[in-house]
Amino acid sequence: MHIGIPREIHAGETRVAATPETVKKLVSQGHQVIVQSGAGLTACIPDDAFAAAGARIGKAAEALGAGLVLKVVAPDAAELALMQPGAVLVGMLNPFDDANLARMSERGITAFALEAAPRTSRAQSLDVLSSQANIAGYKAVLLAAHHYPRFMPMLMTAAGTVKAARVLVLGAGVAGLQAIATAKRLGAVIEASDVRPAVKEQIESLGAKFVDVPFETDEERECAQGVGGYARPMPASWMERQAKAVHERAKQADIIITTALIPGRKAPTLLHEATVAAMKPGSVVIDLAAAQGGNCPLTVADQVVVKHGVTLVGHSNLAALVPADASALYARNLLDFLKLVIDGEGKFHLNREDDIVAACLMCTEGQLVRTNGNVPAA
Ligand code: NAD
């Protein structure tokens with residue numbers, strides 16, 4: 001197949017959907033790869049490296065005009081206009097952006113949004129949410145350290161002792177667990193909370209303390225199980241008790257990292273304004289849910305703001321701040337997905353019987369076919 005790798009043009013997007021490693025593999029499988037000139041520059045991959053791996057360096061129209069296009073984020077209208085009807089597109093296309101999916105469908109594109117993959121063992125190697133959340137969790141701690149006006153580790157110096165920073169992580173999924181591990185390496189004292197009691201063990205194994213908010217009803221217990229590996233909105237009763245527990249822990253904390261997301265919905269509010277107002281001056285909040293409305297109502301997407309003496313960081317694409325490794329992992333995710341849609345003869349093959357393919361398929365032959373399998377019921 002002709003496989004195109006365009007340069008990402010979305011503001012702040014530094015990642016690229018292929019690396020010399022993945023290009024080499026695709027070329028060895030008999031595909032012709034066209035990389036747009038400059039596509040890898042922000043991820044530290046010069047054109048020469050792609051060319052040495054066997055790619056042809058071309059223009060945007062050539063990369064986007066390929067039969068199979070690999071992207072990081074969904075194409076905008078101008079990019080879509082350069083794509084061929086009938087082309088196959090794979091990327092993080094946002095399964096909940098109805099307008100964009102409708103545009104792709106009208107253009108006759110067969111589009112796969114990898115964020116919609118099921119949370120199963122077989123799908124692990126192509127799980128883009130996990131590969132990118134892992135990076136976001138790591139970078140969140142580094143950003144917190146940057147904005148925090150004190151040391152992270154406990155230090156005993158000739159001029160006296162400096163206390164270790166206290167970090168509170170809300171939401172201990174992939175990003176939250178990596179944030180705990182990274183903060184631990186920097187010497188912080190960490191507490192963490194999640195709706196899923198099963199993560200208690202994982203939190204503790206990383207050397208953090210679990211902040212428990214016990215369930216009081218069957219409904220709370222059932223909601224906390226989530227759907228297919230994704231969280232569901234928790235009942236108001238549990239959220240109120242969690243807010244109280246968070247308020248008490250936040251008064252002691254120096255840094256709070258929030259990571260809670262619910263597919264297709266506004267992020268749940270975990271950190272209320274009154275809680276931020278009760279935090280120590282100079283404290284830092286890194287809100288990883290900024291792009292979905294934030295876990296704190298004071299967060300402003302893509303801005304650093306100071307409210308009540310607390311610095312709130314709302315960067316909406318933290319993985320893009322580690323572009324080389326984010327691209328390397330993302331490109332491998334794509335390569336793993338392609339195994340499911342390219343047959344032994346190197347041709348595109350749509351097997352709707354495959355649960356991963358079916359879940360990721362957004363549109364084909366002018367029809368919207370999104371299953372919305374990951375959208376949890378309220
Ligand atoms: P996520 O990014 O959707 O959410 C982050 C975390 O926030 C989750 O742990 C969630 O439980 C938590 N959360 C949601 N609402 C909350 C609330 N009100 N208060 C506190 N916490 C709240 O989740 P994720 O990191 O993408 O994945 C979550 C889990 O799914 C992982 O820890 C893992 O166990 C599982 N998973 C499985 C696979 C697989 O098997 N292929 C892949 C990835 C993740």
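Note that the structure is a prediction, hence the values are computed from the model and not measured. Below, each value reflects all heavy atoms present in this structure, side chains not excepted, and no hydrogens, waters or symmetry copies. Ligands are counted one by one from 1 in listed order, and the atoms in each one are counted from 1 as well.
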Inset, instruction - Please state which part of Thr120 comes within less than 4.0 Å of ligand 1, counting heavy atoms only: side chain, backbone, both or neither. - result: backbone
Legend entry - Nearest neighbour in protein (non-hydrogen) for atom 30 (O) of ligand 1: Gly229 O, 3.3 Å
Inset, instruction - Any salt bridge (charged side-chain N to carboxylate O under 4.0 Å, His left out) involving residues 142-169? Give me the pairs, sequence neighbours left out, ordered by first then second residue. - result: none
Inset, instruction - Give the residue, atom name and distance (to 0.1 Å) of the protein heavy atom nearest atom 5 (C) of ligand 1. - result: Thr259 O, 3.3 Å
Legend entry - N-O pairing of Lys307 and Glu273 below 4.0 Å: no
Legend entry - Lys/Arg-Asp/Glu bridge criterion (N-O < 4.0 Å) met for Lys200, Asp194: no
Legend entry - Under-4.0 Å heavy-atom contact with ligand 1, by part of Ser130 that carries it: side chain
Legend entry - Sub-4.0 Å heavy-atom approach of Ala133 to ligand 1: no
Inset, instruction - Hey, could you give me the CG/CG distance between Leu329 and Asp127, rounded to the nearest 0.5 Å? - result: 12.0 Å
Inset, instruction - Could you tell me whether ligand 1 has any atom less than 4.0 Å away from a heavy atom of Leu170? - result: no
Inset, instruction - Compute the minimum heavy-atom distance from Asp127 to ligand 1 and say whether it is under 4.0 Å. - result: yes
Inset, instruction - May I ask which of Val195, Leu126, Leu129, Thr269 has a heavy atom nearer to atom 21 (N) of ligand 1 than the others do? - result: Val195
Legend entry - Note, Ser125 side chain near Phe337 side chain (heavy atom, < 4.5 Å): no
Inset, instruction - Distance to 0.1 Å, residue and atom name: give those for the protein heavy atom nearest to atom 13 (N) of ligand 1. - result: Ala260 CB, 3.7 Å
Inset, instruction - In plain terms, say whether Arg221 and Glu216 are close enough for a salt bridge, that is, a side-chain N and a carboxylate O under 4.0 Å apart. - result: no
Legend entry - All side chain to side chain donor-acceptor pair (under 3.5 Å) counterparts of Arg249, not counting sequence neighbours: Glu191
Inset, instruction - Report yes if some N/O of Ile262 lies less than 3.5 Å from some N/O of ligand 1; otherwise report no. - result: no
Inset, instruction - Measure Arg119 to ligand 1 on non-hydrogen atoms and call it side chain, backbone, both or neither using the 4.0 Å cut-off. - result: both
Legend entry - Protein contact of atom 14 (C) of ligand 1 - nearest heavy atom, named by residue and atom, plus distance: Ala231 CB, 3.5 Å
Legend entry - Test of proximity, Val174 against ligand 1: N or O pairs below 3.5 Å: yes
Inset, instruction - Verify the neighbour count for atom NE2 of His272: are there more than 12 heavy atoms of other residues, nucleotides or ligands below 6.0 Å? - result: yes
Legend entry - Identity and distance of the protein heavy atom lying nearest atom 4 (O) of ligand 1: Leu261 N, 3.7 Å
Inset, instruction - Return yes or no for this condition: an N or O of Asp194 is under 3.5 Å from an N or O of ligand 1. - result: yes
Legend entry - Note: Lys71-Glu8 ion pair, threshold 4.0 Å (strictly below): yes
Inset, instruction - Kindly check if the number of other-residue, nucleotide or ligand heavy atoms within 6.0 Å of CD (Gln29) is above 12? - result: yes
Legend entry - salt_bridge(Arg241, Glu220) N-O dist < 4.0 Å: yes
Legend entry - Identity of the nearest option to atom 33 (C) of ligand 1, non-hydrogen atoms only, from Met234, Met239, Arg196: Arg196
Legend entry - Atoms of ligand 1 close to Leu270 [distance to a heavy atom under 4.0 angstrom, numbered from 1]: 17 (C), 18 (N), 19 (N)
Legend entry - Protein contact to atom 19 (N) of ligand 1 [nearest heavy atom, distance to 0.1 Å]: Gln242 NE2, 2.8 Å
